[in-house]
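Contents: one structure, followed by commentary.
The first residue of the sequence shown is numbered 1, and numbering continues consecutively from there. Note that these values count all heavy atoms, side chains included, but never hydrogens, waters or copies made by symmetry.
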Amino acid sequence: LGLCTFDMLSSLWLALGKIPVPRYDGGFGTRGTCTAQGFFATLGYAVPYYNASLCLYYLMVIKYKKSQSWIKKKLEIYFHLVPIIVNLSTAVTGLYLQIYNLAGNR
């Protein structure tokens, strides 16, 4: 569910292309919509982290013969926390540092 959620959010904003970009930079949006696009595109970097979690899951099941209950008890929380915390903190830091609108910084 986490992988799909982050993938859909980032894909939606990336699919909008230049539409959220401010008018003075050739788009149809505002600085706010441009910032939102940058924020959600940054959240999309959670997808590779979730793919790594999925790889670790299969490694545990196939190679190390770990049970579903063992994985749920010991690892599942980290499979979600690492992608969410790392990428949410990166996206929020981008907001704080105001780096999402550098091309249209007028």
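- Between the CG atom in Leu14 and the CG atom in Leu9 there is a gap of 10.5 Å [rounded to 0.5 Å].
- Between Phe39 and Leu88, the closest side-chain pair of non-hydrogen atoms falls below 4.5 Å.
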- Walk me through it: do Ile84 and Phe6 pass the test side chain to side chain contact (heavy atoms under 4.5 Å, CB included)? CA-CA 9 Å; Ile84 291 170; Phe6 283 101; 3.8 Å; yes
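- Under the 4.5 Å side-chain heavy-atom criterion for ILVMFWY residues, a single connected hydrophobic cluster contains both Tyr64 and Tyr58.
- Side-chain contact check for Thr90 versus Tyr45: every heavy-atom pair is 4.5 Å or farther apart.
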- Yes or no on side chain to side chain contact (heavy atoms under 4.5 Å, CB included) for Lys72 and Phe79, after CA distance, side-chain angles and deciding distance? CA-CA 10 Å; Lys72 189 169 181 79; Phe79 288 164; over 6 Å; no
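- The side-chain heavy atoms of Lys65 and Trp70, taken from C-beta on, include no pair separated by under 4.5 Å.
- Atoms OG1 and CG, from Thr42 and Leu95 in turn, are 8.5 Å apart once rounded to the nearest 0.5 Å.
- For the pair Tyr78 and Leu56, the minimum side-chain heavy-atom distance is 4.5 Å or more.
- For Ser10 against Gly44, the heavy-atom pair with the smallest separation is CB-CA, 3.4 Å.
- By the neighbour-count criterion of 12 heavy atoms within 6.0 Å, atom OH of Tyr50 is densely surrounded, having more than that number from other residues, nucleotides or ligands.
- A donor-acceptor contact shorter than 3.5 Å is absent between the side chain of Asn87 and the backbone of Leu43.
- At distances below 3.5 Å, at least one donor-acceptor pair connects side-chain atoms of Thr33 with backbone N or O atoms of Pro20.
- The backbone N or O of Gly17 sits less than 3.5 Å from a side-chain atom of Gln37, completing a donor-acceptor pair.
- Shown are Gln68, Lys66, Glu76; of these, the side chain to side chain donor-acceptor pair (under 3.5 Å) with Tyr57 is made only by Gln68.
- Atom CG of residue Leu12 and atom CG of residue Asp7 lie 11.0 Å apart, to the nearest 0.5 angstrom.
- Using modelled atom types, one side-chain atom of Lys18 and one backbone atom of Asp25 make a donor-acceptor pair closer than 3.5 Å.
- Under a hydrophobic clustering in which Ile, Leu, Val, Met, Phe, Trp and Tyr are joined whenever their side-chain heavy atoms come within less than 4.5 Å, directly or via other members, Val47 and Val86 fall into different clusters.
- The side-chain heavy atoms of Leu75 and Met60, taken from C-beta on, include a pair separated by under 4.5 Å.
- Heavy-atom neighbours of Leu97 CG from other residues, nucleotides or ligands within 6.0 Å: above the threshold of 12.
- Ile62 and Ile71 fall within the same hydrophobic cluster, defined by Ile, Leu, Val, Met, Phe, Trp and Tyr side-chain heavy atoms under 4.5 Å apart, directly or through other members.
- In this pair, Trp13 and Phe40 present their aromatic rings parallel. The plane angle is below 30°, not in the 30 to 60° band.
- Annotation for Pro83 and Ser53: closest pair CG-OG, 4.2 Å, computed over non-hydrogen atoms.
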